[in-house]
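Have a look at the structure below before the remarks.
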Amino acid sequence: MAVKSEFEVIVVGGGHAGCEAALCTARLGHPTLLLTSNYDNIALMSCNPAVGGLAKGHLVRELDLLGGQMAKTTDLCAIQYRRLNTRKGAAVQSLRAQVDKRRYRDLMRRTIELQDGLVVREAEVSALEEADGRVVGVRTALGEVLSAERVILTCGTFLEGVCHIGFHRFEAGRVNDFATHGLSGWLRERGFRVGRLKTGTVPRLDAASVNLDGLEAQPGDPGELRFAYVPTGVRLPQVACHLTYTNQATHEVIRANLDRSPLFTGRITGIGPRYCPSIEDKVCRYPERERHQLFLEPEGLDTSELYVNGLPTSLPWDVQDRMLRTIPGLERARVLRYGYAVEYDYLPPTQLHPWLETRALPGLFIAGQLNGTSGYEEAAAQGLMAGLNAALGLRGKEPFVLGRAEAYIGVLLDDLVTRGTDEPYRMFTSRAEFRLTLREDSAEDRLLPLAAELGLVSREYLETYERRSSAYTRLRSLARETKIAPDSALGRRLRGESEDASRLAPNLYEALKRPEFTWSELGLELHDLGVEPDLLSKLAVEARYEGYLLREQREAARLGQLETVLLPDVLDYDAIHGLSNEVREKLRKVRPATLGQAGRIPGMTPAALSAVLIALRLRHKEGKKVRGS
């Protein structure tokens, strides 16, 4: 049913997913309403004041190249950049930025306020409106009905949120922000499965009370590092973080007070993040560890607030005080805000299509922590994809789905809708089968042409890509064409003490495959071309890993063929012979869109996949439709 309304899209939630979703739909020309429970806290960094990190940096770079806002805002607010994993291969290196979190919040909110076609209001959504089997709007806690043709839920940790500090329990999505009530119940009544998760945050300290003498400084990396493809402006002053550790005295305080921990006494029932556990969890899970690493991270240039990265806890306030006093540098620390845990409702994401629209209620999209993820970057990536696909649906176009060989965003969404999650999901490079192909420095080639077709990026981005692509092509050609004479100084170095001619690289491109040689050693004339340094590094990676890249491309092409085999939404898996009851149950639960997605369901065997394919061929012979009926 067509809905006549001032808005075509309503986005519920003003966190990182909601911001990207609302900006995307508005920029694509669809009037959008963003509803948030607290206008002042749009894009607030509830946890650590940082963007990027291992694999997360890939997501931010990809977001930027698909028209997202996070990278641009981060670069305008960054107070430290570091490249992580630089001692390892190019595939697993990532960029991370410490940011001024107040500036980030204010700048993102101002970006939203200035966006044409985007309106923001404070409201709590308690139910959805539906008609003819589709979502047609939302109902607020005040009883107001707001209509739209598409609704995107990005409620974060707010659905029936409960915070814990020791045995003190209060309803909130985070400290000082009310929880959202009613919507979880409505979704359950409508047939959605709803689960319960838990996350937590750390104490914040007054930097003036912390003794940094003797602690190891962690400065940022030199150079003009950035997330955004096109530079955004002048950098803020850069600051250092500091490193300290817990010790046995800290652990003794924790162990002696586990009977006051809501986590260890059963008061918290939600499942917490495996890869970012509380300090109580770490101490009990790894009793052999004598210490755990902590980073003291400034929350901004104009605040004395320090974030103690590595110390999430829900222990009582007095235990937190005693625990902190045992840590070097924090002996006299004053706590500005105590750490706490928050439990919240989420929707297991196997209830979604790969484009983040719910199967049970067309027109409704889910993104962010509501899908069971953790982290600003994972949320923002989902928000942009939900917004894009909501816009495409309004235009009557096919959904846009990135493959696992195209982007980390594709890996993220496929993991969620195919495998689901019963604990807060976090992105890692190890989740990607084609991580060498999905390097940060290849993102422009993978995604900008797609973004251009979808109208997601500015002309400035496209012009930059054309210039860089042309320069890279020239650079690669020059490297391949520049011969190395056997008797030249470089030739002798390549050959070393051996007279074996096979050790001599025929050209500079082949010489780059030798890890002991850098550009400066192979030919300074290439620098004279005015080529950007990152393009030189990119070509060195391409040369060094050429064989592995070709192998990944062949494997991706093979798996891509399975993605072209569509599976009907109503395929009767109970009627397919040769499937175990376990496999049938998983197929019914996930309802894979393609044979490739079916193959990635945990427990799916080659024999079961063959049985599905045979059933599909029989269906075609009987003349039934491939999708939808």
Side-chain angles (χ1 to χ4, degrees), residues 187-188 190-197 270-271 274-275 346-362 366 371-373 399 401-405 410-428 430-434 555-629:
L187 290 165
R188 280 193 182 92
R190 186 60 181 72
F192 286 90
R193 288 178 287 113
V194 180
R196 195 78 170 158
L197 294 178
I271 300 173
R274 179 184 309 186
Y275 303 105
Y346 84 109
L347 301 180
T350 51
Q351 301 172 95
L352 303 175
H353 290 295
W355 51 94
L356 298 182
E357 186 175 18
T358 64
R359 293 199 302 266
L361 188 57
I366 312 292
N371 279 337
T373 60
V401 178
L402 286 164
R404 297 182 71 90
V411 175
L412 167 66
L413 268 58
D414 185 66
D415 277 354
L416 292 175
V417 303
T418 302
R419 300 169 181 171
T421 185
D422 56 5
E423 62 184 44
Y425 175 102
R426 179 178 179 177
M427 177 54 71
F428 291 103
S430 58
R431 296 190 187 274
E433 306 92 320
F434 307 108
E555 180 65 11
R558 185 186 70 79
L559 295 178
Q561 293 176 351
L562 298 178
E563 301 298 335
T564 66
V565 181
L566 303 180
L567 298 180
D569 290 331
V570 294
L571 188 60
D572 186 2
Y573 293 108
D574 289 331
I576 298 178
H577 298 291
L579 297 181
S580 68
N581 289 334
E582 179 187 0
V583 167
R584 285 195 177 99
E585 181 182 351
K586 290 180 176 179
L587 286 167
R588 288 195 302 266
K589 182 179 178 181
V590 175
R591 286 286 164 189
T594 68
L595 195 63
Q597 186 185 359
R600 293 189 293 276
I601 297 174
M604 194 71 174
T605 65
L609 206 61
S610 296
V612 172
L613 184 57
I614 290 170
L616 190 64
R617 288 172 176 166
L618 290 173
R619 183 182 178 87
H620 283 306
K621 287 182 180 179
E622 294 170 3
K624 295 182 179 179
K625 293 182 181 179
V626 175
R627 296 293 292 165
S629 66

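From a predicted model like this one, the values you see are computed outputs, not experimental measurements.
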From [atom1] ([X]) to [atom2] ([Y]), nearest 0.5 Å:
X      : Y      : atom1 : atom2 : value
Arg588 : Asp574 : CZ    : CG    : 4.5 Å
Arg591 : Ile601 : CZ    : CD1   : 10.5 Å
Thr418 : Lys586 : OG1   : NZ    : 12.5 Å
Leu352 : Leu347 : CG    : CG    : 7.5 Å
Tyr573 : Asn581 : OH    : CG    : 15.5 Å
Phe192 : Ile366 : CZ    : CD1   : 6.5 Å

So do the side chains of [X] and [Y] get within less than 4.5 Å of each other, counting heavy atoms only?
X      : Y      : answer
Ile614 : His577 : no
His353 : Val417 : no
Pro354 : Gln597 : yes
Pro349 : Thr421 : yes
Leu587 : Pro592 : yes
Pro568 : Leu616 : yes

Measure from NZ or CZ of Arg431 to the centre of the six-membered ring of Tyr425, then state whether that distance is under 6.0 Å and the direction lies within 45° of the axis.
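Yes, a cation-pi geometry holds between Arg431 and Tyr425.
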
Shortest non-hydrogen separation from [X] to [Y] and the atoms involved:
X      : Y      : answer
Ile576 : Ala611 : CG2-O, 3.7 Å
Arg584 : Leu579 : NH1-O, 2.8 Å
Asp422 : Tyr346 : CA-OH, 3.5 Å
Leu197 : Pro424 : CD2-CD, 3.9 Å

Evaluate salt bridge (Lys or Arg N to Asp or Glu O under 4.0 Å) for Arg359 paired with Asp569, printing each intermediate quantity in order.
CA-CA 9 Å; Arg359 293 199 302 266; Asp569 290 331; over 6 Å; no

Hey, is the main chain of Ala360 close enough, under 3.5 Å, to the side chain of Gln351 for a donor-acceptor pair?
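A pair under 3.5 Å: no.
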
Salt-bridge criterion met for Lys589 and Glu585 (N-O under 4.0 Å):
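Salt bridge between Lys589 and Glu585, a charged N being under 4.0 Å from a carboxylate O: no.
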
Got a salt bridge between Arg404 and Glu563, using NZ or NE/NH1/NH2 to carboxylate O under 4.0 Å?
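Looking at Arg404 and Glu563, the cut-off is not met.
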
Identified side-chain contact (heavy atoms from CB on, under 4.5 Å) counterpart of Leu562 within the set Thr594, Leu613, Leu595
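With Leu562 as partner, side-chain contact (heavy atoms from CB on, under 4.5 Å) holds for just one option, Leu595.
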
Do other residues, nucleotides or ligands put more than 12 heavy atoms under 6.0 Å from Arg274 CZ?
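Counting neighbours around CZ of Arg274, 12 or fewer heavy atoms of other residues, nucleotides or ligands fall under 6.0 Å, so no.
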
Could you check Asn371 against Leu356 for side-chain contact (heavy atoms from CB on, under 4.5 Å), going step by step and ending with a plain yes or no?
CA-CA 9 Å; Asn371 279 337; Leu356 298 182; 4.1 Å; yes

